[in-house]
Q: 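One structure, pasted below without further comment.
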Amino acid sequence: MAPRSAVFCLSLYLLVIVFSVSGTVGVSASSDDDLVDELESLQSKSPSGVIHLDDRLISRFLTSVKIPRPYHLIIFFDASSLRSKSELHLPQLRSEFAIVSESFAAHHRGLPSASKLFFCDIEFGESQSSFSKFGVNSLPHVRLVSPTTRSLSDSDSMDASAFSRLADAMAEFVESKTKISVGPILHPPPVSPRQQAVLLLALLIAAPFIIKKVLAGETLLHDSRVWMAGAVFVYFFSVSGSMHNIIRNMPMMMTDRDGRPVFFYQGSGMQLGAEGFIVGFLYTLVGLVLAIVTHGLVRLKSVTVQRGMMLAAMVVVYWAVGKVISLDNWKTGYSVHAYWPSSWK
């Protein structure tokens with residue numbers, strides 16, 4: 001009887017172990033599903049699909065969850081007290097973050113990948129403890145918490161220099177860290193359908209008046225002064241290097257070691273924005289003076305006035321050209337040389 005009792009007890013013990021293990025696996029799987037379902041529920045309540053987190057939800061979905069987690073969380077760190085600081089661009093970046101979230105949801109709706117990545121934000125005033133756990137001490141800031149991240153401070157952070165590219169940079173950051181494609185960014189139209197309807201209605205109402213003005217030759221396009229101002233602007237835009245400043249994203253000025261502003265950079269490899277505008281103004285000044293001499297001065301009847309204005313024009317032109325030459329010599333070392341015909345030597 002003793003051996004049979006021992007065998008029976010051993011069998012019963014093994015059955016208990018098997019059912020316990022299977023029950024534990026079932027509870028774990030169910031727990032993962034519950035977390036994903038809860039995140040999807042929070043996501044559905046947000047118009048942009050961005051889940052608003054706080055200290056309690058950080059604990060619920062990150063710190064108290066068994067690793068590996070069944071999802072990635074990308075988190076935008078915000079602070080309501082700093083939104084008014086224009087240099088941080090927090091409202092704009094938060095809007096771009098929402099665009100990435102909406103684009104991801106639109107391209108992954110109904111796919112398994114939709115439950116593997118969730119976009120979230122967190123506000124400093126509500127969740128200072130979580131900011132401390134992540135080690136975030138400056139804004140703007142975006143973090144990606146992967147399924148295997150153990151310490152929140154070890155999560156991947158987006159390079160601060162990439163924020164200038166807005167939604168595209170955020171999407172590239174997500175794709176590089178998660179290997180999940182966000183898809184093309186769906187930027188909202190610059191004009192909403194309601195605004196388009198209002199503009200169309202206004203255009204229809206104004207159409208008869210516009211047609212009447214065009215036929216009568218009384219529009220701005222028929223005004224020679226508008227064309228003259230446009231020509232001067234194009235000339236200034238060309239000679240001031242404005243296109244160079246736009247393409248190279250050049251600053252208007254710099255500061256030296258003592259904090260004083262620097263408007264001119266010595267060297268041929270770089271040109272500041274203010275430097276280009278000043279030189280462009282001198283070029284434009286010379287052009288305008290010559291235009292006045294050739295088109296306005298000749299209309300005066302007094303020879304004395306003509307001579308006086310001509311002398312003043314020569315002085316202004318000589319001063320402006322001299323400033324450009326001296327600045328070019330200081331900047332690049334170039335100097336003006338006189339060339340005489342060989343027969344004069």
Side-chain angles (χ1 to χ4, degrees), residues 43-52 76 78 80 83-111 114 119 121 140 163-172 174 181-250 252 273 276-277 280-281 284 287-288 291-292 295-296:
Q43 185 184 54
S44 64
K45 296 177 182 178
S46 171
S48 61
V50 177
I51 302 171
H52 184 67
F76 179 87
D78 194 9
S80 58
R83 291 171 188 167
S84 60
K85 292 192 174 183
S86 58
E87 64 271 16
L88 297 180
H89 305 286
L90 287 179
Q92 180 187 13
L93 292 173
R94 174 60 178 77
S95 177
E96 293 289 315
F97 186 78
I99 290 174
V100 180
S101 174
E102 293 172 349
S103 301
F104 177 80
H107 296 307
H108 293 263
R109 186 172 290 111
L111 299 177
F119 290 77
D121 67 358
F163 283 113
S164 59
R165 295 179 50 235
L166 305 176
D168 294 321
M170 295 179 188
E172 290 177 3
V174 171
S181 174
V182 173
I185 302 299
L186 304 177
H187 292 281
V191 182
S192 66
R194 179 176 297 180
Q195 292 173 332
Q196 292 176 6
V198 172
L199 291 175
L200 180 60
L201 179 61
L203 181 61
L204 291 175
I205 295 174
F209 302 96
I210 295 175
I211 294 174
K212 180 181 177 181
K213 290 287 186 181
V214 171
L215 295 178
E218 298 177 353
T219 66
L220 290 175
L221 296 178
H222 293 87
D223 192 343
S224 59
R225 292 171 296 181
V226 174
W227 289 99
M228 182 182 67
V232 173
F233 172 76
V234 171
Y235 179 78
F236 174 79
F237 188 86
S238 302
V239 299
S240 65
S242 298
M243 185 59 67
H244 168 272
N245 297 337
I246 294 173
I247 295 175
R248 299 289 184 88
N249 195 25
M250 300 301 297
M252 289 296 296
F277 287 151
F281 168 75
T284 306
L288 289 176
I292 292 173
H295 293 278

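What's counted below: heavy atoms across the whole structure, side chains too, no hydrogens, waters or symmetry copies. Nothing fancy with the numbering, it's 1 onward along the sequence.
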Q: Show me the side-chain donor-acceptor pairs of residues 223-237 shorter than 3.5 Å, one per line, residues at least two apart or across chains.
A:
{"from": "Asp223", "atom 1": "OD1", "to": "Arg225", "atom 2": "N", "distance (Å)": "3.0"}
{"from": "Asp223", "atom 1": "OD1", "to": "Arg225", "atom 2": "NE", "distance (Å)": "3.2"}
{"from": "Asp223", "atom 1": "OD2", "to": "Arg225", "atom 2": "NH2", "distance (Å)": "3.2"}
{"from": "Trp227", "atom 1": "NE1", "to": "Leu221", "atom 2": "O", "distance (Å)": "2.7"}

Q: So, do Glu172 and Arg165 sit near enough that their side-chain heavy atoms are less than 4.5 Å apart?
A: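 A side-chain contact under 4.5 Å exists here.
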Q: What's the separation between atom OG in Ser86 and atom CD in Gln92, rounded to the nearest 0.5 Å?
A: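 These two atoms lie 11.0 Å from each other.
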Q: Rounded to the nearest 0.5 Å, what's the gap from NE2 on His89 to OG on Ser164? Could you check?
A: 9.5 Å
Q: Would you name the heavy atoms of Ala98 and Val50 that are closest together and state the gap between them?
A: CA-CG2, 4.0 Å
Q: Which heavy atom in Val214 sits nearest to a heavy atom in His222, and how many Å separate them?
A: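 Here Val214 and His222 meet closest at O-CE1, 4.0 Å.
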Q: Rounded to the nearest 0.5 Å, what's the gap from NE2 on His187 to OG on Ser103? Could you check?
A: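 Going from NE2 on His187 over to OG on Ser103, the span is 7.0 Å.
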Q: Got a donor-acceptor contact below 3.5 angstrom from the His108 side chain to the Ser181 backbone?
A: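 Here the side-chain-to-backbone pair exists.
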Q: For Pro208 and Ile205, work out which heavy atoms get closest and say how close.
A: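 Looks like CD-O, 3.3 Å.
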Q: Given the rule in the side-chain contact (heavy atoms from CB on, under 4.5 Å) test, do Lys85 and Leu88 qualify, once you have shown the distances and angles that lead to the verdict?
A: CA-CA 6 Å; Lys85 292 192 174 183; Leu88 297 180; 4.1 Å; yes
Q: Evaluate the side-chain contact (heavy atoms from CB on, under 4.5 Å) criterion for residues Phe277 and Met252: first the C-alpha distance (whole Å), next the side-chain angles of each, then the deciding distance (0.1 Å), finally the verdict.
A: CA-CA 9 Å; Phe277 287 151; Met252 289 296 296; 3.4 Å; yes
Q: For the pair Phe76 and Asp78, evaluate side-chain contact (heavy atoms from CB on, under 4.5 Å) and give the outcome as yes or no after the intermediate values.
A: CA-CA 6 Å; Phe76 179 87; Asp78 194 9; 4.0 Å; yes
Q: Is a donor on one side and an acceptor on the other found under 3.5 Å between the side chain of Ser240 and the backbone of Gly276?
A: no
Q: At what distance, to the nearest 0.5 angstrom, does CG of Leu220 lie from NZ of Lys213?
A: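 These two atoms lie 10.0 Å from each other.
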Q: Tell me the closest heavy-atom pair linking Thr284 and Val239, and the distance in Å.
A: OG1-CG2, 4.3 Å
Q: Which pair of heavy atoms, one from Leu186 and one from Ala106, lies closest together, and at what distance?
A: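 Scanning both residues, the minimum pair turns out to be CD1-CB, 3.7 Å.
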Q: Heavy atoms only: give me the nearest Phe163-Pro140 pair and the separation to one decimal.
A: CE1-O, 3.7 Å
Q: For the backbone of Val182 and the side chain of His107, can you confirm whether one donor and one acceptor N or O come within less than 3.5 Å of each other?
A: no
Q: Quick one: do Glu96 and Ile185 satisfy side-chain contact (heavy atoms from CB on, under 4.5 Å)? Show the steps, please.
A: CA-CA 10 Å; Glu96 293 289 315; Ile185 302 299; 6.0 Å; no
Q: How long is the straight-line distance from CD1 of Ile51 back to OG of Ser44, given to the nearest 0.5 Å?
A: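 One finds 9.0 Å between OG of Ser44 and CD1 of Ile51.
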Q: To the nearest 0.5 Å, what is the distance between CD1 on Ile210 and CG on Leu203?
A: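 The CD1 atom of Ile210 sits 6.0 Å away from the CG atom of Leu203.
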